[in-house]
2 protein chains.
Amino acid sequence: MTDTTTEHPATILIIDDHPLLRRGVSQLLELEDDLLLAGEAGDPREGIRLALELDPDMVLLDLNMPQMDGIETLKRLRDGGFAGRVVMFTVSDHEEDVVNALRSGADGYLLKDMDPDEMVRQLRQASLGRMVISESLTALLAEALCSQRNQPAAPDIHSLTQREREILLELAAGLSNKMIARKLEITEGTVKVHVKHLLKKLNLRSRVEAAVWAVQEGIER
Amino acid sequence: MTDTTTEHPATILIIDDHPLLRRGVSQLLELEDDLLLAGEAGDPREGIRLALELDPDMVLLDLNMPQMDGIETLKRLRDGGFAGRVVMFTVSDHEEDVVNALRSGADGYLLKDMDPDEMVRQLRQASLGRMVISESLTALLAEALCSQRNQPAAPDIHSLTQREREILLELAAGLSNKMIARKLEITEGTVKVHVKHLLKKLNLRSRVEAAVWAVQEGIER
DNA sequence: TCCGCCCTACCCCCTTGGGTGTAGTAGACT
DNA sequence: AGTCTACTACACCCAAGGGGGTAGGGCGGA
């Protein structure tokens with residue numbers, strides 16, 4: 001498995017605001033000739049730019065950055081057309097964060113305090129297209145899947161407020177924000193706020209997805 | 001019926017690029033105290049601006065103007081939030097034009113060569129919320145409804161080209177133009193062209209409407 | 001051969017959308 | 001009294017959408 005030197009090495013971009021941690025990963029990767037550090041970024045925007053420019057096989061993405069959270073960064077990566085693997089890399093072992101990240105399309109979720117050997121092994125797995133999760137999280141993950149106490153980020157109509165449901169309905173009817181505003185007698189800016197909120201709650205990326213979802217769910221007043 | 005002077009008169013805005021014709025209508029309306037000319041516009045953009053500013057009860061809209069066709073003007077009026085009646089006013093007695101206008105949401109279709117008496121009568125009807133059609137067109141209209149030879153502007157998947165159907169599918173999946181371009185390996189500009197064309201063919205106003213329509217129709221490859 | 005449609009690509013223009021942030025008000029619950 | 005959520009509104013910014021137009025290559029039918 002480790003002998004993949006005849007193949008081209010898997011290129012990895014790390015996006016993390018901690019220089020020391022980037023350095024650590026960098027040194028870890030240098031020891032493996034089938035894993036190659038494609039680049040580093042200290043903030044999300046720079047990271048997204050680099051990812052689209054370098055097009056690495058994998059992005060190792062810090063979930064908690066001051067400028068932008070990892071979920072948002074992941075979204076923007078996908079929006080930008082990045083097609084490689086995106087593995088979350090974080091200190092948070094909260095079930096909520098794990099579930100949220102995976103629901104948002106992350107290809108893996110690794111903890112920063114994990115064993116270097118396991119780290120390398122998991123990265124290798126990820127580069128092969130497998131979804132990876134830190135071993136210490138598997139129990140927690142199983143629990144999350146069984147007990148249904150994971151309301152956050154669940155695309156559920158009930159997570160929306162009454163007003164947001166109204167806006168979603170009009171939106172799905174094909175109305176623009178301006179038209180919705182006129183119809184509900186509020187400003188366009190307020191409509192935008194509601195749309196933004198419902199997109200976030202439903203974990204969708206555009207009003208088109210929201211409209212299609214609403215239609216398929218058969219949402220009604 | 002003519003005695004509605006106790007009510008406020010119905011205000012009418014005329015949008016037509018022929019000054020003489022505007023003058024004619026103007027004089028015709030002056031003779032009726034229940035019909036009031038709210039304003040005139042010689043080109044579509046000015047007309048739209050005026051309509052939104054004056055908010056007349058009815059817009060008399062030339063179907064054939066050099067700057068912008070009447071259908072497009074009608075769309076923009078509705079997009080702008082104009083909620084009054086929009087009656088097409090034209091020389092064209094082509095079935096295609098009539099059907100197209102009515103399908104696009106026009107509240108009436110009157111011919112410019114119609115009898116002044118009928119004209120006034122029809123305008124009065126329109127101001128009451130009734131749909132009006134020049135009498136000389138009724139036969140033609142009936143025929144159009146019976147014989148189904150009205151492909152133009154019929155929201156039909158078969159009116160789309162293969163490529164347009166592909167784009168519609170991706171669009172309905174929530175992909176942006178850029179993502180569709182990447183997926184189909186063409187430029188974003190070309191995707192925009194296809195989207196523009198399919199919206200026109202399906203007589204829809206936005207990609208959201210297109211997406212919802214596609215989903216409801218159960219469009220597949 | 002010429003015409004027309006399809007697909008592609010590009011130009012210009014302006015509007016719309018979606019994100020950031022701050023902030024005020026009202027009602028409900030602690 | 002304090003806090004939380006919902007709803008409203010506005011600022012700014014940049015990306016995306018949608019309209020107009022022109023144009024060239026390919027392909028098939030008149």
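Just so you know, these numbers come straight off a predicted model, no measurement behind them. Note on naming: letters A, B, ... go to the chains in the order of the sequence lines (proteins, then strands), and numbering restarts at 1 for each one.
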Can you give the first and last nucleotides of DNA chain C, 5' to 3', that have an atom under 4.0 Å from a heavy atom of chain B?
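For DNA chain C, the relevant span reads dC6(C) to dC10(C).
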For a quick check of understanding: with a heavy-atom distance under 4.0 Å over all strands, which category does T190(B) fall into, base, sugar-phosphate or nothing?
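Base contact.
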Side-chain donor-acceptor contacts of residues 35-49 of chain A below 3.5 Å, not counting sequence neighbours, with atom names and distances?
residue: E40(A); atom: OE1; partner: R22(A); partner atom: NE; Å: 3.0
residue: D43(A); atom: OD2; partner: R45(A); partner atom: N; Å: 3.3
residue: D43(A); atom: OD2; partner: E46(A); partner atom: N; Å: 3.4
residue: E46(A); atom: OE1; partner: R49(A); partner atom: NE; Å: 3.3
residue: E46(A); atom: OE2; partner: R49(A); partner atom: NH2; Å: 3.3
residue: R49(A); atom: NH1; partner: E53(A); partner atom: OE1; Å: 2.9

Short side-chain N/O contact from R163(A) to OP1 or OP2 of dC7(D), under 4.0 Å
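False: R163(A) side-chain N/O out of range (4.0 Å or more) of dC7(D) OP1/OP2.
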Phosphate contact (dG17(D) OP1 or OP2) by N177(B) side-chain N/O below 4.0 Å:
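Yes.
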Rounded to whole angstroms, how far apart are [atom1] on [X] and [atom2] on [N]?
{"X": "L171(B)", "N": "dG18(D)", "atom1": "CG", "atom2": "C1'", "value": "12 Å"}
{"X": "L198(B)", "N": "dG17(D)", "atom1": "CG", "atom2": "C1'", "value": "13 Å"}
{"X": "I180(B)", "N": "dG17(D)", "atom1": "CD1", "atom2": "P", "value": "8 Å"}
{"X": "L160(A)", "N": "dC7(D)", "atom1": "CG", "atom2": "P", "value": "10 Å"}
{"X": "E188(B)", "N": "dA16(D)", "atom1": "CD", "atom2": "C1'", "value": "7 Å"}
{"X": "I48(A)", "N": "dC14(D)", "atom1": "CD1", "atom2": "P", "value": "15 Å"}
{"X": "I186(A)", "N": "dC7(D)", "atom1": "CD1", "atom2": "P", "value": "10 Å"}
{"X": "E209(B)", "N": "dG18(D)", "atom1": "CD", "atom2": "P", "value": "10 Å"}

Would you sort out whether T190(B) and L184(B) count as a side-chain contact (heavy atoms from CB on, under 4.5 Å), showing the intermediate values?
CA-CA 10 Å; T190(B) 302; L184(B) 301 186; over 6 Å; no
Test your reading of the model: is there a side-chain donor-acceptor pair from D57(B) to the backbone of T11(B), 3.5 Å cut-off?
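Pair found, side chain donor or acceptor close to backbone of T11(B).
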Has T90(B) got a side-chain atom pairing as donor or acceptor with L63(B)'s backbone, closer than 3.5 angstrom?
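Flag not set: sc T90(B) to bb L63(B) has no pair under 3.5 Å.
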Produce the list of close N/O pairs, under 3.5 Å, pairing protein atoms with atoms of nucleotides 19-29 of chain D; give distances to one decimal.
residue: dG20(D); atom: N7; partner: K196(B); partner atom: NZ; Å: 3.2
residue: dG20(D); atom: O6; partner: K196(B); partner atom: NZ; Å: 3.4

Qualifying residues under side chain to side chain contact (heavy atoms under 4.5 Å, CB included), relative to R207(A), sequence neighbours excluded:
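Residues passing side chain to side chain contact (heavy atoms under 4.5 Å, CB included) with R207(A): L171(A), N177(A), I180(A), V195(A), V208(B).
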For V193(B), enumerate each residue passing the side chain to side chain contact (heavy atoms under 4.5 Å, CB included) test, keeping only those at least two apart in sequence or located in another chain.
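Result, side chain to side chain contact (heavy atoms under 4.5 Å, CB included) vs V193(B): H197(B).
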For the student: nearest non-hydrogen atoms of Q122(B) and M114(B), plus distance:
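Where Q122(B) meets M114(B) most closely, the heavy atoms are CG-CE, 3.8 Å.
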Under 4.5 Å between any side-chain heavy atoms of Y109(A) and V132(A), yes or no?
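A side-chain contact is absent here, since even the closest heavy-atom pair is not under 4.5 Å.
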On DNA chain D, nearest-nucleotide positions of E164(A) versus G80(A): which is more 5'?
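Nearer the 5' end of the strand: E164(A).
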Pairs meeting criterion salt bridge (Lys or Arg N to Asp or Glu O under 4.0 Å) with involvement of residues 179-197 of chain A, two or more places apart
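Qualifying pairs, neighbours excluded: E170(A)-K183(A).
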Using the closest heavy atom to pick a nucleotide of DNA chain C for each, name whichever of G189(B) or T161(B) lands nearer the 5' end.
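Checking each residue's closest nucleotide, the 5'-ward one belongs to T161(B).
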